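In what follows, a single structure is set out as structure tokens and then discussed.
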Amino acid sequence: MTRQLSRQNFAGEEPFYGKLWSKLKHFPKGLSEGSENAPSVSGPAAAAIISAAIGCFTMMVSHH
């Protein structure tokens, strides 16, 4: 009662999720190499994150 599907057409082709997974596995390698012109100051980035957190918290409190 079971029928086996023929996969001769797709034998050489990797599924999209396989391609995506192999790209994701190599992603941290690019981060570990770093940037040629890395920023010397992280203050503005920290201020932006703190400001966004305060804004999200304020919006959550005011809407509930």
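Since the structure is predicted, the reported quantities are computational estimates derived from the model, not experimental observations. Along the sequence shown, residues are numbered consecutively beginning with 1.
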Notebook entry, point to check: Cluster partners of Val41, using ILVMFWY side-chain heavy atoms under 4.5 angstrom, listed by chain and number?
Noted result: none
Check: With ILVMFWY side chains joined below 4.5 Å, transitively, what does Phe16's cluster contain besides itself?
Finding: Tyr17
Expected list for residues 48-62: side-chain donor-acceptor pairs under 3.5 angstrom, two or more places apart:
unit_1: Thr58; atom_1: OG1; unit_2: Ile54; atom_2: O; d: 2.7
unit_1: Ser62; atom_1: OG; unit_2: Thr58; atom_2: O; d: 3.1
unit_1: Ser62; atom_1: OG; unit_2: Met59; atom_2: O; d: 3.1

Item checked: Smallest separation among heavy atoms of Lys19 and Glu14, with atom names -> CE-O, 3.4 Å
